[in-house]
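First the proteins, then the strands, lettered A, B, ... as listed; each starts at 1.
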Protein chains: 2
Amino acid sequence: MDYSPALMTDMYEYTMLDATLQDGTADRTCVFEVFTRHLPEGRRYGVVAGTGRILDYLKDFHLSDYDLKFLRDRHIVSPQTIQWLENFEFSGSIRGYREGEMFFPNSPILQVEGTFGECTLLETLVLSVLNYDSAVASAASRMTSAANGRPCMDMGGRRTNEWSAVAAARASMIGGFQGTANLLAAKEYDLPAIGTAAHCFTLVHDSERQAFESQVAALGKNTALLLDTYDVEQAVKTAVEVAGPDLGGVRIDSGDLAALAQRVRNQLDALGATQAKITVTNDLDEYAIASLQTAPVDSYGVGTQLVTGSGAPTCSMVYKLVEREGADGTMMPVAKKSTNKANIPGRKLAYRSFEYNLADCEHVIAGNRSQLDAYQPEEGWKDLLVDFVDHGEIDDTFRGHDAIMDAQNHHAEALAELPITAQSLMRGDPVIPTEVTLL
Amino acid sequence: MDYSPALMTDMYEYTMLDATLQDGTADRTCVFEVFTRHLPEGRRYGVVAGTGRILDYLKDFHLSDYDLKFLRDRHIVSPQTIQWLENFEFSGSIRGYREGEMFFPNSPILQVEGTFGECTLLETLVLSVLNYDSAVASAASRMTSAANGRPCMDMGGRRTNEWSAVAAARASMIGGFQGTANLLAAKEYDLPAIGTAAHCFTLVHDSERQAFESQVAALGKNTALLLDTYDVEQAVKTAVEVAGPDLGGVRIDSGDLAALAQRVRNQLDALGATQAKITVTNDLDEYAIASLQTAPVDSYGVGTQLVTGSGAPTCSMVYKLVEREGADGTMMPVAKKSTNKANIPGRKLAYRSFEYNLADCEHVIAGNRSQLDAYQPEEGWKDLLVDFVDHGEIDDTFRGHDAIMDAQNHHAEALAELPITAQSLMRGDPVIPTEVTLL
């Protein structure tokens, strides 16, 4: 498929561009904000992920000749707009919550400032990336908490779109995961890749013993042998016979995982393979992981529930115009008034306040430019907004492998600063309230 | 991002290839089958989608020098395997259910036959595509039924990964949708593109009237004006004043859609705009669509619930080795025996039987080669398996735009052949049973 981030967008972004170029409003300076009106039901916090990918896309956000031909042939925009698009480059500014940061209802997760025309073209892509990646990172964070120090690994690629799989691997790292089975993600973002063998590997051999021998010959003793193709107890015996007591690990993918893990652990220990690690997989989610806390499990492989956001496959983030230039050139707050979907006019500042080193409130401050410029936050409030793009200049420290690891660290720190109920798996309200102040 | 379908895969596919190349089993002829053990809870049927995209990927399923370097540098496979991969091309055969076909528990949705090595490399990608696309097509089909002839349009791109958005647009067409807001999908698959303007378009103008005037000037009177930025009643008045009674349409995106649609219809009719169509959007799912049956709505724009499978964001399809060559060269059925996840050994045949022109049973027949070759289905049974790839030769009639429209038609026909309870939105069992026969 011809790849073009500039067409990863809804048609109306282009028809709006077209109409505003004709009437002159396309050049008005605008601020759009990404936020969500609510967290998924019962969730205590959300985790921002995807911003680095948006910056990657921004580098390539140009229309190819094929794209322009398509827009022309379909009469989606006028010839004048085609001309305008020929040299399109985003020259605005973007700031927002960094990846790994917590978000709550009304947190201004991303602010895009530029002309109406350029900001409009980014809407769909920005939302696609943030809505999916943040859904996965939010689920990953809960799973990581539930695993309580034991590593979680992404094995979910097969249960979501093939590109979502790559994004999910990245987002899960931000939420605290330690590796992924997905090779394209491992390559693109330089992430640890994991995985050894599936049941078909055992089945294609004439015996389980031959399969294990083959795997140890190819991958060494430090590999993980899959136990549940035929009979788990026999498989453990065979595994240790084949690899010796230095066997690296085993994987269990079915049955009562807690009971099986204990039996396998006992058997491995009795056979001298005391260092062999036990990985469990099989439709795990944060609740299943929590229920395995006392089982002798060394790591978790998580699939479906990770890549589908564990019941919340998308965040409800929207991208709304909150401030724009008026006919007289001054900036003015704006907002639609739709029933139940009205939003707060004006650009926002965002801070988190603390008491006894724990966060106690998210402060969102809205107003006009001069009000915001004059605003002084209280002492000890953390400023949550970071600059990503300055008049078209992308800050590359927020892209690539290092940015992911920074985000992972930042997320762990930010989680430690939330009240401990944040890590409760019980349904409840956001762990801290969002206080919105209209100056 | 460097794009490579050959790395859109879990690492273990490559480590299994590596080990089996070393021990000789990589060359054994194998049959892998894609199936699901159950439909999402309460669903009456599933809809196959994605096969055409798999065929697209198969054309590009080669490892680039960068891919090979990655596999080498990370020591994922041995140098001998790198060499084997350099000229990799899938030379096996693929058959299965056509896109748009219904599937039920244990339906053999796809059968991949070839050497163990080549079939293994396809596993993750095949599952990613089928699991996501079929989830969307299945949801789309329910929505299309609920809409009862009124067109449904895909507007969900912003609520899912940016590439999922493209796949969702395609899959939704197979499920009966009539167009998409997503431009990349419209371009790639030559689909109808839809969409006019968002609230920000009204807000960037100094008045709603100016926004409407601009839109009509750019897009003509046959455009759809968005009504709920400020006050719907006033907006209808302004819309007809600006566009005249020939106004093409309006869109309502918030509030009580049934009541609003009726009020807007009355007002439009009173103003002479009797031909103006009403589109409603706002977190619609099949239940909301059904509840709008008696409201004067002309079309539905569906977002979040479409692209997230309306509560079932993935199918539970798996890819399992069911038959393989033995040491003596003969083919033998195989299956793992894992608790609760055991599967039926042997390649399958699949038929649907009918009574009074309505489907009454899905028949899945398993056995060894000679048993299947000799098998005679009963009269009137429909053979559900179609050849997509014959020894590496891809049948292009299953790719591209025409294949999507064929699948849409086929789906409508197949749905009409199911008992009417298939279209019930109430939770229940699969609408026909699957009868598995082991020869």
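Remark: B:Asp67 engages A:Lys187 in a salt bridge, criterion side-chain N to carboxylate O under 4.0 Å.
Interface residue A:Cys315: only backbone heavy atoms are found under 4.5 Å from chain B. For A:Asp228, the parts sitting under 4.5 Å from any heavy atom of chain B are the backbone and the side chain alike. Of the two parts of B:Leu219, only the side chain, counted from C-beta on, holds a non-hydrogen atom closer than 4.5 Å to a non-hydrogen atom of chain A. With a threshold of 4.5 angstrom between heavy atoms, B:Asn343 does not approach chain A through any atom at all. With a 4.5 Å cut-off on non-hydrogen atoms, A:Met317 touches chain B through its backbone but not through its side chain. Heavy-atom distances place no part of B:Glu213 under 4.5 Å from chain A, backbone and side chain included. Of the atoms belonging to A:Ala186, heavy atoms from both backbone and side chain fall under 4.5 Å from chain B.
The only option from A:Leu127, A:Leu125, A:Asn131, A:Ile54 that meets the side-chain contact (heavy atoms from CB on, under 4.5 Å) definition with B:Glu162 turns out to be A:Leu125.
Between B:Trp163 and A:Trp163, the ring-plane angle classifies as parallel under the 30° and 60° cut-offs.
Interface summary for chain A: among B:Gly195, B:Ala181, B:Ser254, the most heavy-atom pairs under 4.5 angstrom belong to B:Ala181. Among B:Phe116, B:Tyr230, B:Tyr132, the residue making the largest number of heavy-atom pairs under 4.5 Å with chain A is B:Phe116. Interface summary for chain A: among B:Asn282, B:Val334, B:Val204, the most heavy-atom pairs under 4.5 angstrom belong to B:Val204.
For residues 11-30 of chain A, every residue pair satisfying the salt bridge (charged side-chain N to carboxylate O under 4.0 Å, His left out) rule, not counting sequence neighbours, is listed here: A:Glu13-B:Arg158, A:Arg28-B:Asp206.
Counting only distance, with no hydrogens or angles, the side chain of A:Ser164 and the backbone of B:Asn161 share no donor-acceptor pair below 3.5 Å. Within the 3.5 Å criterion, the main-chain N or O of B:Arg159 finds a donor-acceptor partner in the side chain of A:Thr314. Between the side chain of B:Arg324 and the main chain of A:His205, a donor-acceptor pair closer than 3.5 Å is present.
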Self-check item: From CA spacing to verdict: side-chain contact (heavy atoms from CB on, under 4.5 Å), B:Asp190, A:Arg74
Solution: CA-CA 10 Å; B:Asp190 195 15; A:Arg74 286 278 191 110; 3.1 Å; yes
